[in-house]
Amino acid sequence: MSKIIIWSLFVVLFFMHQDFWWWNDSELVFGFMPMGLAYHAGFSIACSILGWLAIRFAWPHDLEAFAEEK
Amino acid sequence: MTTLFVIIGYLCLLLALGFFSNRLFRGTSKDYFVASHSIGPFLLLMSVFGTTMTAFALVGSTGKSFERGIGTYGLMASISGLVHAAIFFLVGIRLWAFGKKHGFITQIQFFRTRFESDSLGYILFPILVLLVIPYLLIGIIGAGKTIEPVTAGAFPSIFINPSAPQWLGGVPPWLTGLVVSLVVLSYVFMGGSRGAAFANTFQTIVFMIMGLVAFTFIINALGGINNAGNIPARINEKGLVVQDFHYNKESQSVEKNQPPKIVGKVVDFENANLANVQPHFWREPVTIEFKKKVPKTGELIPFERELGIPFITFVTYLFIPLSVGMFPHLFQHWLTAKSAKSFKLTVIAHPLCIMVVWVPCVLVGAWASGVLPPGIPPPAVLSAMLNLLVGDEVLIGLLTAGVLAAIMSSLDSQFLCLGTIFTNDIVIHRAGQDKYTDKQIIFIARSFIVVIVSLTYVLAMLAKDANVFDLAIWCFSGFSALFPVIFAALYWKRATESGVIASILAAVVTWLYYFHQSGYGGEYMIGPGIVPAAICFLAAAITLVVVSLFTKPPSEKTLEKFFPKTD
């Protein structure tokens, strides 16, 4: 179940990467970051959180044990 | 001259690190190739990140942002954060597990066993070498392009034929390439994969810290973070591209151009919405005609450049980061891991590390459009910005050392990897495991590395004007076209030897076709802006599935080895 949620979040993130809605917006966020760049910097942080979730809820314990067994 | 001394000092420090790692070297071939599976989470993160971030990340991203604007970040960096982390999780850990369990040192050993095929190794070897070479070239070309501008004027009576008139007396690319190749060769020679992991970690820390220091200095020189946002070139009401500011080196401050300096014009200007837009800060494509000076004659000639990113190009670029799944040097880094747990930090921190390096570079590239001549070669943008905005020679030296660190932290792994696959997959595979002693095996690997370094150096001198970003994309495209093979090997029992060979051939044929169409390394799009990697990938994937379904799968015994009951 948790693996399905992680995969679903991956797919959602993939679609969120295609941010056509900011395509011609050059407004500055915090006075220096163009909107399109600020959004994608936030996207990078979201990827890191997804990585943490994957490790927490979908870690391949069986594969790890298989590799370590003598 | 001071700048040059700082850079030389840094290179000497690296050599010292090579000597240090040589003292830890256990003298066995396993230690030389995969550091006896002893690398922990932090070293793994630094070596994997350092390896994937090369001249492409610093020099290339800044140059590409100067050419196309901030869309460069989404195009390569943020999608890489998602795709790379997923590949480390889904492919890296699994390959590490099989490598540890069955004693693989190279990718080719894995494929040979997985598909019960000797010939697969002989087909893959030249293809992997062919695709890694452009990756090596961008390192050497990038280093040359970086050092020449920052050392301009150091030796005016010795180096009298600069790449651009303003860089007279700078250390020429041929000399930089030679020195960088020799330094990397030295520490890889001495320390093997452990030496490369240590050097990568050290260099990754150096280039990340130096990148942030450079960013801070550039911001200050541009009048603070908020003023920096006003710097990029702007389209005025008449469709002309203007620079509103210039940097005064004497007063060390940004001053307004009165009137704004015209540097280009929008081709087919019809869109009133473009007025007062800074085209480097958005992603809607717009074609602009600029002028550039011919170095030898001083004549101004017009050239067109498309800023922004077509949406279809942006979407299809997702195929390019898949390449990390097939990089042979990354495979070797994965195998150095002490345990599967070593991967955890890499999966989480890799997207953040990409962000820390790429956001500043992309911003600097966009800001550069407002203060540098538009005709400057894109790979030279970063060092030209440092040279213009950061006055202190020691600091320029340190920042340039940071750029070299990023370049060399990839070159070392790639050189080592080619030596490893040649020795294990060709020499030992043909002669038998017992024919050579450990010492002889290491000697063979080192000799092949020397040959590859020499070949790469010669090729880099022949392709010295290539665009670093575009050349890297070609290399990544080739590897991403091979991704279906590794994914099927790990997750599809029905994949067959014939299917995999057919898929590799389909990938190579389509890649070679488009590479030829591009004029051997230029930017090339298909139809409305589809990247060739997408077509090569699809051709390889479809071929793999179709041929596999019509041919005999590997034996049950082999499948049990790679699909353990735990699944």
Colleague: Measure distances from B/Phe311 to the heavy atoms of chain A and classify the residue's part below 4.5 Å as side chain, backbone, both or neither.
Modeller: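 Both backbone and side chain.
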Colleague: Name the region of A/Leu13, side chain, backbone, both or neither, that has any atom closer than 4.5 Å to a heavy atom of chain B.
Modeller: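 Answer is both: backbone and side chain atoms of A/Leu13 are under 4.5 Å from chain B.
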Colleague: Would you mind checking which part of A/Ile55 comes under 4.5 Å of any heavy atom in chain B, side chain (CB onward), backbone (N, CA, C, O), both or neither?
Modeller: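 Answer is both: backbone and side chain atoms of A/Ile55 are under 4.5 Å from chain B.
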Colleague: Give a yes or no on whether A/Gln18 atom CD has more than 12 heavy-atom contacts from other residues, nucleotides or ligands under 6.0 Å away.
Modeller: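 Counting other residues, nucleotides and ligands, CD of A/Gln18 exceeds 12 neighbours.
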Colleague: If the contact rule is any heavy atom under 4.5 Å from chain A, which residues of residues 76-86 of chain B qualify, in numerical order?
Modeller: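 Residues in range: B/Ser78, B/Ile79, B/Gly81, B/Leu82, B/Ala86.
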Colleague: How many angstroms lie between atom NZ of B/Lys101 and atom CG of A/Leu63, to the nearest 0.5 angstrom?
Modeller: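 Going from NZ on B/Lys101 over to CG on A/Leu63, the span is 10.5 Å.
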Colleague: Looking at B/Trp358, B/Phe343, B/Phe281, which one has more heavy-atom pairs under 4.5 Å with chain A than the rest?
Modeller: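 Option with the greatest count: B/Phe281.
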Colleague: Can you confirm whether A/Phe43 sits close enough to B/Pro351 that some side-chain heavy atom of one is under 4.5 Å from a side-chain heavy atom of the other?
Modeller: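 Heavy-atom side-chain distance check fails, nothing below 4.5 Å.
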Colleague: Top residue by heavy-atom pair count (under 4.5 Å) with chain B, among A/Cys47, A/Ala46, A/Gly51, A/Ala58?
Modeller: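 With the most close heavy-atom pairs to chain B, the winner is A/Cys47.
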Colleague: Among residues at least two apart in sequence or on other chains, which ones pass side chain to side chain contact (heavy atoms under 4.5 Å, CB included) with B/Phe215?
Modeller: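 For B/Phe215, the residues satisfying side chain to side chain contact (heavy atoms under 4.5 Å, CB included) (neighbours in sequence not counted) are B/Ile219, B/Pro360, B/Leu363, B/Val364, B/Trp367.
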Colleague: Based on non-hydrogen pairs under 4.5 Å, which of B/Ile225, B/Val362, B/Thr72, B/Asn227 is most in contact with chain A?
Modeller: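 Looking at each option in turn, the highest pair count goes to B/Ile225.
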Colleague: Side chain to side chain contact (heavy atoms under 4.5 Å, CB included) for B/Phe314 and A/Asp19? Distances and angles first, verdict last.
Modeller: CA-CA 10 Å; B/Phe314 190 78; A/Asp19 62 326; 4.1 Å; yes
Colleague: At their closest point, which heavy atom of B/Ile70 faces which heavy atom of A/Pro34, and how far apart are they?
Modeller: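 Taking every non-hydrogen atom into account, CG2-CG, 3.9 Å.
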Colleague: Please enumerate all residues that pass salt bridge (Lys or Arg N to Asp or Glu O under 4.0 Å) together with B/Lys561, with sequence neighbours excluded.
Modeller: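 Not a single residue meets the salt bridge (Lys or Arg N to Asp or Glu O under 4.0 Å) criterion with B/Lys561.
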Colleague: Under 4.5 Å heavy-atom distance to chain B, tell me which part of A/Asp25 shows up: side chain, backbone, both or neither.
Modeller: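 Interface part for A/Asp25: backbone (N, CA, C, O).
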Colleague: For A/Phe14, is it the side chain, the backbone, both, or neither that has a heavy atom closer than 4.5 Å to a heavy atom of chain B?
Modeller: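 Backbone plus side chain of A/Phe14, per the 4.5 Å heavy-atom cut-off to chain B.
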Colleague: Under 4.5 Å from any heavy atom of chain B, what part of A/Phe20 do you find: side chain, backbone, both or neither?
Modeller: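 Both the backbone and the side chain of A/Phe20 come within 4.5 Å of chain B.
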Colleague: Quick check on B/Tyr491: does its OH atom have over 12 non-hydrogen neighbours (other residues, nucleotides or ligands) under 6.0 Å away?
Modeller: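 It does: B/Tyr491 OH has more than 12 such atoms within range.
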Colleague: Give, as side chain, backbone, both or neither, the part of B/Val315 having an atom under 4.5 angstrom from any heavy atom of chain A.
Modeller: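 Both backbone and side chain.
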Colleague: Need one label for B/Leu90: side chain, backbone, both or neither, based on atoms under 4.5 Å from any heavy atom in chain A.
Modeller: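 Side chain only.
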Colleague: Can you tell which of B/Lys341, B/Lys338, B/Lys100 makes a salt bridge (charged side-chain N to carboxylate O under 4.0 Å, His left out) with A/Glu68?
Modeller: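 Of B/Lys341, B/Lys338, B/Lys100, salt bridge (charged side-chain N to carboxylate O under 4.0 Å, His left out) with A/Glu68 is met by B/Lys100 alone.
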Colleague: More than 12 non-hydrogen atoms from neighbouring residues, nucleotides or ligands closer than 6.0 Å to CZ on B/Phe217, yes or no?
Modeller: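 No, the 6.0 Å shell around CZ holds no more than 12 heavy atoms from other groups.
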Colleague: Walk me through it: do B/Arg283 and A/Trp22 pass the test side chain to side chain contact (heavy atoms under 4.5 Å, CB included)?
Modeller: CA-CA 8 Å; B/Arg283 289 168 287 171; A/Trp22 302 124; 3.3 Å; yes
Colleague: Of the backbone (N, CA, C, O) and the side chain (C-beta and beyond), which part of B/Ile93 lies under 4.5 Å from a heavy atom of chain A, both, or neither?
Modeller: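 Its backbone and side chain both get close to chain A.
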Colleague: Using 0.5 Å steps for rounding, measure from the CD1 atom of A/Ile6 to the CZ atom of B/Phe89.
Modeller: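 So the CD1 of A/Ile6 and the CZ of B/Phe89 are separated by 8.0 Å.
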Colleague: Looking at every heavy atom in both B/Met355 and A/Ala41, which two are closest together, and how far apart are they?
Modeller: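 Closest heavy-atom pair between B/Met355 and A/Ala41: SD-O, 3.3 Å.
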Colleague: Go through A/Ile49, A/Leu53, A/Leu28, A/Leu50 and name the one with the most non-hydrogen pairs under 4.5 angstrom from chain B.
Modeller: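 Ranked by contacts with chain B, first place is A/Leu28.
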Colleague: Locate the shortest heavy-atom distance separating A/Ala67 from B/Trp96; write the atom from each residue and the value.
Modeller: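 Nearest pair, atom of A/Ala67 first, then B/Trp96: CB-CZ3, 3.7 Å.
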Colleague: Can you pull out every salt bridge (charged side-chain N to carboxylate O under 4.0 Å, His left out) where at least one residue sits in residues 64-74 of chain B? Sequence neighbours excluded, please.
Modeller: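 As it turns out, the salt bridge (charged side-chain N to carboxylate O under 4.0 Å, His left out) pairs with a partner in residues 64-74 of chain B, which skip direct neighbours, are B/Lys64-B/Glu67, B/Lys64-B/Asp470, B/Lys64-B/Glu523, B/Arg68-B/Glu306, B/Arg68-B/Glu523.
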Colleague: I'd like to know if the side chain of A/Trp23 and the backbone of B/Ile309 have a donor-acceptor N/O pair within less than 3.5 Å.
Modeller: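 A pair under 3.5 Å: yes.
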